[in-house]
Structure formats: structure tokens, C-alpha cells
Amino acid sequence: MSDMEIRVFKYVELGSWDKVAREIEEHDSMHYDKPATGAVYAVGMLAYLVCGDLNSARFLYKRLSQSLQRDVDVTAVWKIVKALWNEEMPAAHEALAKHPWAGSFTTLVVALQAEIREKTLTLLRAVYITIPVSEAAQMLCIPREEVIELAKSVNWTHDAATDSFTEPLTRDPSETAKGPQGIEAVNTVVRNALFLEQLAA
Amino acid sequence: MDVLLQNIQLSTKKGDYGSLRKMIDESTEDVFGKHPEYVGVLLENLELDKYTAAWCHILSRACGGKVKSQTYMDQVEVFFAGMAADQVRGVCADRFGIVSKKYTEMCRETKSPGRGIPHLLHGIQKIRKTPADLTPLHPDYVCLCLLQKQYNQAKDLLERTILNVEPKQTGVLPVHMMLYYYYGGMVYIGLKDFKRATEMLETCLCAPSSCLTAITLEAFKKYVLCSLIETGKMPLNLPKHCPSQVVKVIRRYSQVYMDFAGLFKKKDSTQEELNEFLEAHKEGFKADKNYGLAKQAVVSHLRIVVGRVEAVFSALPLAELAKKLKMPVAETEKCLLTMIRNNVTTARIDRTTQMVHFTAPPLASYTREIIDELEKLKRLTETIKQENHNVKCSKEYIIKEMNKDPAMKEYFSSQKTKKNIVEAVLKWPFH
């Protein structure tokens with residue numbers, strides 16, 4: 001294994017996904033004529049997916065030569081990328097579960113599954129006031145019992161009569177606020193107000 | 001050849017770069033035309049850091065001859081790595097652009113765009129004085145990043161705002177500016193950041209020019225489509241600083257795109273109409289390589305319909321919304337999910353009552369955008385203040401003002417040292 005590959009797999013063990021991606025990009029930039037192995041590029045694509053950078057995962061695949069694109073691991077990751085691109089979460093989970101991942105891939109796959117579920121849950125909470133349990137379970141790709149437990153953890157109420165979840169009546173404002181909070185907000189407002197006054201003067 | 005070598009060394013030592021240029025130009029046919037291998041021999045005998053200007057002239061003349069691609073590319077890579085930028089800036093900056101252009105062409109012809117990326121970046125970092133300077137290498141670098149699909153690397157360069165364009169120092173021409181922003185727009189289209197893509201393409205349209213160019217026309221076509229994807233409408237007018245010669249004729253040469261944008265303006269236009277239009281002009285869009293963008297624009301038309309519904313209704317049955325979008329209910333729900341994920345709308349769905357509720361976005365969601373804009377404004381204000389200071393202290397400006405105002409002339413003549421003059425300039429009440 002080359003030094004770059006050793007570093008990449010070390011970063012995977014440490015969970016430093018952005019460093020994995022950066023390492024592969026730098027290698028591709030400086031040694032364009034000495035590509036790494038298919039396994040390394042598959043790890044790179046998965047690292048991009050865990051970081052939520054679907055575009056970079058696509059472009060990494062498109063940069064590869066045809067022989068590298070046919071690599072078993074690269075092909076498996078490409079199926080996941082396509083499913084995520086088409087917003088087909090069940091297909092993405094299926095692709096993750098179906099392929100026999102080994103070695104360093106296991107850490108990445110587990111992280112990616114958790115990341116996809118987290119994002120899907122955030123989306124469901126943003127979109128739905130009420131949602132049937134079966135549909136939530138299908139979108140999150142987890143069994144019904146697990147979905148009910150997960151919903152309780154985010155204060156959703158389970159209505160047994162309609163077999164659906166209802167969001168809490170009052171939502172935590174910090175979930176939707178995107179700006180600074182507390183004393184930081186006051187500092188920001190004062191700085192910006194001073195600046196605008198100086199401009200006007 | 002020995003005579004040429006000696007003359008080059010002598011001219012460089014004297015700092016007579018005018019004679020150096022003339023001498024190398026005159027010897028092009030004799031030395032490089034008949035014996036392209038002499039280029040390598042000549043360069044080997046000239047130390048790069050001492051004779052950078054000579055290297056630049058030789059490489060720019062050699063690219064017109066029968067030099068081999070691999071050899072030339074190796075020589076240019078050595079040049080970019082070891083050049084003394086002071087001997088290029090203001091001395092042979094125009095030739096530097098020619099060398100870079102030829103190198104980029106060779107990277108493309110040998111199908112090795114990845115090879116050129118780190119070397120061009122090196123060249124950019126050497127030739128520019130500040131990260132805000134535009135150089136002839138900028139568009140070449142972004143072009144190779146596009147070909148190699150290394151969009152993130154191009155984005156790192158594009159994120160730096162260009163504030164200085166100095167043709168005499170860097171050899172940059174209007175075509176470099178147009179191409180840089182055009183390629184930059186294409187990078188952001190690839191990254192699906194259509195807002196930034198529109199900004200880059202708009203800057204391309206506003207580059208100085210005395211007539212409509214092929215680059216501007218292509219940029220305008222992409223600009224129309226990106227505007228439709230981002231906002232659902234085409235801006236009524238191009239910015240005021242867009243050259244008038246471009247504004248007058250550009251719409252005439254892109255009538256299909258104007259008609260396409262016109263469909264988006266109509267209140268009752270449907271997805272079917274847009275798809276029919278696209279199908280009818282498919283070959284034209286494909287020839288311009290804009291078919292994919294046009295298809296994305298058709299999909300983004302849905303946001304206009306949803307926007308119109310949002311403006312009128314606070315809640316609507318999902319089935320009604322599906323009827324308005326002329327889509328099945330399941331697909332409408334999926335479409336809404338995508339729009340909410342992309343922060344296009346803040347609608348919420350109640351599956352029990354099958355209703356869609358349209359709510360106004362919370363004020364806090366604007367906070368981050370406002371703060372970011374204010375930070376940008378602060379940085380821009382600082383830059384403008386600095387430029388104002390530089391202009392006031394520049395010799396040309398002071399001379400021009402002195403010629404208008406005799407009192408000023410008398411006042412500055414009494415200032416003895418340069419430091420006094422600068423202080424006096426800053427205190428003088430310019431009108």
C-alpha cells in the first residue's frame with residue numbers, strides 16, 4: 001500500500017471524513033497519471049456522501065477511468081450515489097445493506113446509514129404535521145417498533161387510532177433559528193448597527 | 001546560436017528588455033523555425049531565475065514552431081516553477097499569456113488536463129501580487145479543472161473576488177476576463193449553485209467589449225437558463241454597466257432562449273407547453289450544449305406554480321394542489337418534499353387531513369443571510385476606502401488635479417519630502 005492509501009485508511013478509522021476526501025483530491029491533483037486503487041476511490045466517494053457532498057462524489061466517479069469505474073466496490077458505491085441523487089432513500093439503504101462490505105468500509109457504511117437516517121428524520125420533521133407510521137418506517141428504512149421509539153425521542157405523539165405520528169404543539173425555536181443566539185446575537189447587532197451608522201455619516 | 005546566447009545574456013544584464021524582445025523575435029525563423037531542438041539547448045544555457053524574461057520570450061516564440069508537445073510542456077512546467085515574477089510583470093506579461101495559452105492547448109490535445117492544473121496554479125500564485133488580481137492563467141486553470149472534473153479546486157480559486165485587473169503588469173486581456181467568468185459560471189452550474197453561476201455569467205456579459213463576441217453570446221444563453229432555474233424569471237434588463245453594443249444585439253441572436261423565458265412569464269403556461277417547446281427546439285439546445293440546463297429549467301417551473309398558490313392560499317387540499325400542478329398526488333408530495341429540502345418553500349403537509357399548509361418562513365431564517373451580506377458589505381467598504389486612498393496618492397491623479405487648481409500646485413510645490421506630500425494629499429479638500 002502507498003503512503004497515501006495508509007493515510008486514507010487511518011483517517012477512516014479516526015472518522016475524519018473530510019480529511020479522507022482532501023487526501024484523495026490532493027493525490028489526484030499532484031499525481032494525475034498514477035491513479036489509486038478502486039478501493040481507495042470507493043472509500044473517497046463514501047466519505048463525500050457522509051459529509052453530505054453528493055456533487056463531489058459524482059465528480060470523483062466521473063473522473064475515474066473506465067476500468068476503475070468497473071471495480072466492484074466503486075460500482076456498489078455508485079448505486080448508492082444514484083439512489084441518493086434520485087432521492088430514493090429505500091433504494092440507497094438497500095444498496096448499502098446488499099453489498100458485502102469489508103474492512104475499512106464497515107465504519108463508513110455505518111456512518112453513512114446513520115447520516116441518511118438523520119437527514120431523513122430532519123426532513124420529515126420539517127415537512128409533516130402528521131404522518132402515518134408505516135410511511136415514516138418506509139422512508140427511514142427501519143422496523144415499525146424502532147420508528148415508534150425514534151419518534152418518542154423527538155417528542156412526536158403516536159396516535160394509535162389513526163396509527164400516525166403528530167408533531168409536538170410547540171417546536172423548540174433553536175431548531176429553526178439559523179442566526180447567532182444570546183449574547184452573540186446582541187454583539188452582532190451592535191457591530192452591524194455601528195457600521196451602518198458610519199456609512200450613513 | 002552562441003552569438004544569440006551572448007546577446008541575450010548581455011541585454012538581460014543591462015536591463016534592456018526592449019532589445020531582448022526584438023532580438024529573440026528576429027531570430028525566430030532562423031533558430032526556432034529550422035531547428036526546434038535548439039530551443040532546449042538555449043534554455044539549458046540560461047539560468048531561469050536570472051533570465052526569466054528571455055525564457056518567456058523564447059517559449060512564446062517557440063510555440064509557433066514545430067516543437068514537440070511533451071518537450072514544450074516540460075519546459076513550461078519548469079518555467080512556471082522557477083520563474084522570477086519581477087522579470088515578467090510589466091516586462092513581457094503579454095508573452096506570458098501566450099505561453100500559458102499554448103500550454104493549456106497542449107494539455108487538452110494530449111488529453112491530460114490533470115497534468116496542467118497544479119502547474120497553472122503555481123504560475124498564478126507567482127505572477128499575481130495579491131489574490132484579488134486577475135491573470136491570463138485564471139481562465140486556463142478553470143478550463144482544465146472543468147475538463148478534469150475537479151470542480152472543488154476551481155471553486156477554491158473562484159471564491160476569491162477579483163478586484164484588480166492590470167493589463168500592463170499581468171498581460172490580461174478582455175478575452176481572459178470573459179473566459180474566466182464564463183468558465184466560472186460553468187463550474188457553479190456543475191456544482192448546482194445557480195445563484196453564483198448567474199452572478200459569474202452576468203459579470204462575463206459586462207466585460208469590456210466593443211462588439212458582441214461568441215463568448216458573450218454563449219454566456220447570455222446560459223445566463224437566461226440559470227436565471228430561470230434560480231428565480232423562475234429572466235431579469236428584464238441587463239445591468240447598466242453592460243456594454244451598449246452587447247445589449248443592443250444580444251437578444252436578436254438568442255431569440256429561442258428569449259421565447260423560452262417568455263413562456264415562464266405567462267401566468268397559465270403549463271409543464272406540457274414547456275416540454276413541447278423544448279422538444280421542438282431540442283436540436284438547437286443540444287447544439288449549444290444547454291439541453292440539460294433547459295430540462296432543469298422546465299422542472300424548476302413547478303416552483304413558480306407553487307409560489308403562486310402560496311401567495312393566495314394558506315392551506316389547500318393536496319389533491320387540489322396536484323390538480324394545479326397537473327401531476328399525480330404521490331408525485332406532488334415528492335415534489336414538495338424536494339422543494340422544502342431545498343428551502344424553496346416552507347409548506348407543511350398534514351397526511352391525516354390530506355392538507356398542505358403554507359406558512360411564512362420564521363424571521364430567524366433570514367438572520368444568517370442578512371449577517372453574511374453585511375459582512376460582505378463591510379469587506380467591500382474597506383476595499384473601496386483603500387482604493388480611494390491609493391488613487392488620491394497616485395502621481396497621475398495629483399498632477400491632473402494640480403493642473404486644474406493653481407493654489408493646489410503652489411501648496412504641493414512647497415512640500416519637500418514624499419512623506420509630507422502624502423500627508424498633504426490626505427489633508428487636501430478634493431472636490
Side-chain angles (χ1 to χ4, degrees), chain A residues 21-22 25-26 28-33 35 48 53-56 58-64 86-88 119-120 122-132 135-136 139 159 161-167 171 173-181 185 188-189 191-193 195-196 198-199, chain B residues 107 112-119 121 144-153 155-156 190-193 315 333-341 343 345-357 359 361-375 377-378 381-382:
Chain A
R22 213 176 309 140
E25 254 188 43
E26 274 174 23
D28 275 356
S29 171
M30 301 309 293
H31 307 284
Y32 78 101
D33 53 345
Y48 276 129
D53 194 349
L54 194 50
N55 281 321
S56 297
R58 283 193 312 129
F59 296 137
L60 176 52
Y61 178 80
K62 289 185 180 186
R63 280 206 295 275
L64 301 179
N86 293 324
E87 295 169 5
E88 290 161 6
K119 283 195 170 140
T120 310
T122 308
L123 183 64
L124 291 179
R125 292 173 72 197
V127 174
Y128 291 101
I129 300 171
T130 63
I131 180 170
E135 286 202 25
M139 288 178 83
D159 183 353
T162 54
D163 195 30
S164 61
F165 294 123
T166 310
E167 65 163 2
R171 303 176 87 190
S174 64
E175 284 177 7
T176 48
K178 287 185 190 174
Q181 304 293 313
T188 311
V189 164
R191 271 201 320 266
N192 291 332
F195 166 68
L196 287 169
Q198 277 168 7
L199 265 187
Chain B
C107 285
S112 54
R115 175 178 176 168
I117 292 171
H119 298 288
L121 185 62
L144 291 185
C145 285
L146 270 171
L147 289 169
Q148 186 62 8
K149 296 186 179 44
Q150 283 183 320
Y151 289 74
N152 286 332
Q153 290 212 277
K155 189 181 169 188
D156 288 342
L191 292 171
K192 308 292 177 198
D193 186 349
E333 195 175 331
K334 194 177 172 191
C335 177
L336 271 177
L337 265 164
T338 309
M339 285 192 199
I340 294 165
R341 182 190 283 122
N343 294 321
T345 179
T346 49
R348 310 216 49 231
I349 302 173
D350 187 338
R351 287 300 302 281
T352 314
T353 55
Q354 290 290 316
M355 291 290 285
V356 178
H357 297 264
T359 55
L363 198 59
S365 68
Y366 293 115
T367 311
R368 179 44 62 195
E369 281 86 9
I370 292 170
I371 290 170
D372 288 345
E373 288 299 313
L374 276 169
E375 291 298 320
L377 188 60
K378 269 188 216 166
T381 312
E382 285 306 317

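The analysis underlying the following values was restricted to heavy atoms, covering all of them including side chains, and did not include hydrogens, waters or symmetry mates. Just so it is clear: chains get the letters A, B, ... in the order the sequence lines come, proteins before strands, and each one is counted from 1.
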Taking side chain as everything from C-beta outward and backbone as N, CA, C, O, which of these in B/Thr381 sits under 4.5 Å from a heavy atom of chain A? Side chain, backbone, both or neither. side chain
Closer than 3.5 angstrom, by distance alone: can the side chain of A/Arg63 be matched with the main-chain N or O of B/Lys149 as a donor-acceptor pair? yes
Test item: A/Arg58 and B/Tyr151 side chains (from C-beta on) under 4.5 Å apart, heavy atoms: no
Could you state the interatomic distance from OG1 (A/Thr166) to CG (B/Asp350), rounded to the nearest 0.5 Å? 8.0 Å
Where on A/Phe195 is there a heavy atom nearer than 4.5 Å to chain B: the side chain, the backbone, both, or neither? side chain
Crowded around B/Lys378 NZ? As in, over 12 foreign heavy atoms under 6.0 Å? yes
Side chains of B/Asn152 and A/Phe59 in contact at under 4.5 Å (non-hydrogen atoms): no
If you tally heavy-atom pairs under 4.5 Å against chain A, which of B/Glu333, B/Lys334, B/His357 wins? B/Glu333
Nearest heavy-atom contact between B/Gly190 and A/Asn55 is O-OD1, 4.0 Å
Could you report the tightest heavy-atom contact between B/Leu337 and A/Met139, atom names first, then the distance? CD1-CE, 3.9 Å
Under 4.5 Å, counting heavy-atom pairs only, tell me which of B/Val356, B/Leu121, B/Thr352, B/Ile117 racks up the most with chain A. B/Thr352
Is it the side chain or the backbone of B/His119 that comes within 4.5 Å of chain A heavy atoms, both, or neither? neither
Does any donor atom in the side chain of A/Ser29 or B/Gln150 lie under 3.5 Å from an acceptor atom in the other side chain? no
Mind checking the CD1-CG spacing from B/Ile349 to A/Leu124? Nearest 0.5 Å is all I need. 10.0 Å
At what distance, to the nearest 0.5 angstrom, does OG1 of A/Thr130 lie from CZ of B/Arg348? 10.0 Å
If you measure from CD on A/Glu87 to CZ on B/Arg341, what distance do you get to the nearest 0.5 Å? 4.0 Å
Quick check on A/Asp28 against chain B: is it the side chain, the backbone, both or neither that has a heavy atom closer than 4.5 Å? both
Name the region of B/Leu377, side chain, backbone, both or neither, that has any atom closer than 4.5 Å to a heavy atom of chain A. both
Toward chain A, the part of B/Gln354 with a non-hydrogen atom under 4.5 Å: neither
Heavy-atom distance under 4.5 Å to chain B: side chain of A/Glu135, backbone, both or neither? side chain
How far apart are the C-alpha atoms of B/Leu336 and A/Val127, what are their side-chain angles, what is the distance that settles it, and do they pass the side chain to side chain contact (heavy atoms under 4.5 Å, CB included) test? CA-CA 9 Å; B/Leu336 271 177; A/Val127 174; over 6 Å; no
